[in-house]
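Right, one structure below, let's go through it.
The structure presented is a predicted model; accordingly, all values stated were derived computationally and were not measured.
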Amino acid sequence: QVQLVESGGGLVQAGGSLRLSCAASGRTFTSYTMGWFRQAPGKEREFVAATSWSGGSTWYADSVKGRFTISRDNAKNMVYLQMNSLKPEDTADYYCAAGSKALFPSVFDPTKYNYWGQGTQVTVSS
């Protein structure tokens with residue numbers, strides 16, 4: 001089992017940057033594919049990015065490709081989401097999630113993730 005705690009959200013102007021962090025508990029962090037999802041008010045939760053257990057493979061939603069970067073530090077049980085060139089449409093609650101090691105090709109499906117953090121709010125003003 002793993003517990004996830006996100007941090008780093010906040011208010012930023014369009015064009016700015018934020019770095020989200022997700023701290024994972026437990027000694028089997030490398031057993032998990034890690035993902036970031038977001039949910040805006042009145043909308044469904046959507047995939048943002050994911051990384052394989054080793055960090056060697058990453059996947060991105062088309063809407064964030066080239067602007068966001070997911071990374072993980074297995075020694076620290078951490079996963080990050082660097083968000084650059086933020087847009088007002090990026091405003092949402094962002095969630096860190098853990099899924100099985102062999103999650104691909106289902107990394108885009110939130111129902112395939114077993115563990116979730118409580119979320120961190122990101123607001124991008126225009």
Side-chain angles (χ1 to χ4, degrees):
Q1 195 168 6
V2 62
Q3 292 183 324
L4 305 172
V5 179
E6 302 97 333
S7 61
L11 173 64
V12 64
Q13 288 188 331
S17 298
L18 280 175
R19 188 196 196 202
L20 304 184
S21 299
C22 174
S25 66
R27 292 174 288 180
T28 59
F29 183 62
T30 54
S31 297
Y32 298 99
T33 296
M34 299 299 298
W36 285 97
F37 290 79
R38 66 187 181 188
Q39 187 166 17
K43 295 188 177 182
E44 292 187 353
R45 191 166 296 190
E46 65 173 0
F47 171 79
V48 175
T51 177
S52 63
W53 70 271
S54 66
S57 295
T58 55
W59 302 272
Y60 296 93
D62 288 342
S63 59
V64 307
K65 205 170 290 184
R67 300 188 298 123
F68 291 11
T69 302
I70 188 171
S71 62
R72 66 190 294 165
D73 185 336
N74 287 341
K76 296 182 179 179
N77 283 14
M78 296 291 294
V79 62
Y80 306 99
L81 185 68
Q82 178 66 43
M83 305 187 296
N84 298 329
S85 302
L86 282 161
K87 304 175 181 179
E89 50 263 45
D90 294 319
T91 295
D93 291 326
Y94 283 71
Y95 297 88
C96 176
S100 69
K101 195 170 186 175
L103 194 57
F104 184 81
S106 300
V107 296
F108 314 101
D109 184 353
T111 68
K112 302 300 184 182
Y113 288 78
N114 306 107
Y115 304 103
W116 291 85
Q118 82 290 348
T120 186
Q121 188 173 54
V122 171
T123 303
V124 184
S125 63
S126 56

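Partners of Ala23 according to the side-chain contact (heavy atoms from CB on, under 4.5 Å) rule, which considers only residues two or more places apart in sequence or in another chain, are Met78. Under the rule for a side-chain contact (heavy atoms from CB on, under 4.5 Å), the partners of Arg19 that lie at least two apart in sequence or sit in another chain are Tyr80, Gln82. When the ring-ring contact (aromatic ring centres under 6.0 Å, His included) test is applied to Tyr60, no partner is found at least two apart in sequence or on another chain. Contacts of Trp53 classified as ring-ring contact (aromatic ring centres under 6.0 Å, His included), with partners at least two apart in sequence or in another chain: none.
Phe108 and Tyr115 sit in two unconnected hydrophobic clusters of ILVMFWY residues. Membership requires side-chain heavy atoms under 4.5 Å apart, directly or through other members. With hydrophobic clusters built from ILVMFWY side chains whose heavy atoms lie under 4.5 angstrom apart, Val64 does not share a cluster with Trp59.
The line from CG of Leu86 to CZ of Arg67 is 6.5 Å long, rounded to the nearest 0.5 Å. Between the CG atom in Leu103 and the OG atom in Ser57 there is a gap of 12.0 Å [rounded to 0.5 Å]. Rounding to the nearest 0.5 angstrom, the gap separating the CG atom in Asn77 from the CE atom in Met34 is 9.0 Å. With rounding to the nearest 0.5 angstrom, the OG atom of Ser126 is 10.0 Å from the CD atom of Glu89.
Phe68 and Trp36 have their aromatic ring centers separated by at least 6.0 angstrom.
Taking every heavy atom of both residues into account, Ser125 and Leu11 meet most closely at CB-CD1, 4.4 Å. The two residues Leu4 and Ala24 have their closest heavy-atom pair at CD2-CB, 3.6 Å. Nearest heavy atom pair, residue Gly8 against residue Leu18, reads O-CD2, 3.8 Å. In plain terms, the two heavy atoms of Ala49 and Leu81 that are nearest each other are CB-CD1, 4.1 Å. What you find for Ala97 and Tyr113 is that their closest heavy atoms are CB-CD2, 3.6 Å. In terms of heavy-atom proximity, Ala50 sits nearest to Val107 at CB-CB, 4.1 Å.
For Lys43, the NZ atom sits in a loose shell: 12 or fewer heavy atoms of surrounding residues, nucleotides or ligands are nearer than 6.0 Å.
Legend: disulfide (SG to SG under 2.5 Å) pairs involving residues 34-66, not counting sequence neighbours: none detected. Within the structure, the side-chain hydrogen bond (donor to acceptor under 3.5 Å, both in side chains) test picks out the following pairs touching residues 91-106 (sequence neighbours left out): Arg38-Tyr94.
Using a 4.5 Å heavy-atom cutoff, the side chains of Ile70 and Val79 are in contact. With a 4.5 Å cut-off on side-chain heavy atoms, Phe47 and Asp109 do not count as touching.
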**Request:** Step by step, work out the salt bridge (charged side-chain N to carboxylate O under 4.0 Å, His left out) result for Lys87 and Asp90.
**Result:** CA-CA 5 Å; Lys87 304 175 181 179; Asp90 294 319; over 6 Å; no

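Checked by atom type and distance alone, the side chain of Ser25 pairs as donor or acceptor with a backbone atom of Gln3 at under 3.5 Å. For the pair Asn74 (side chain) and Phe29 (backbone), a donor-acceptor distance under 3.5 Å is absent. For Glu6 (side chain) and Cys96 (main-chain N/O), a donor-acceptor pair under 3.5 Å exists by modelled atom type.
Remark: Arg72 is not positioned above the aromatic ring of Tyr32, lacking an NZ or CZ atom under 6.0 angstrom from the ring centre and at most 45 degrees off the axis.
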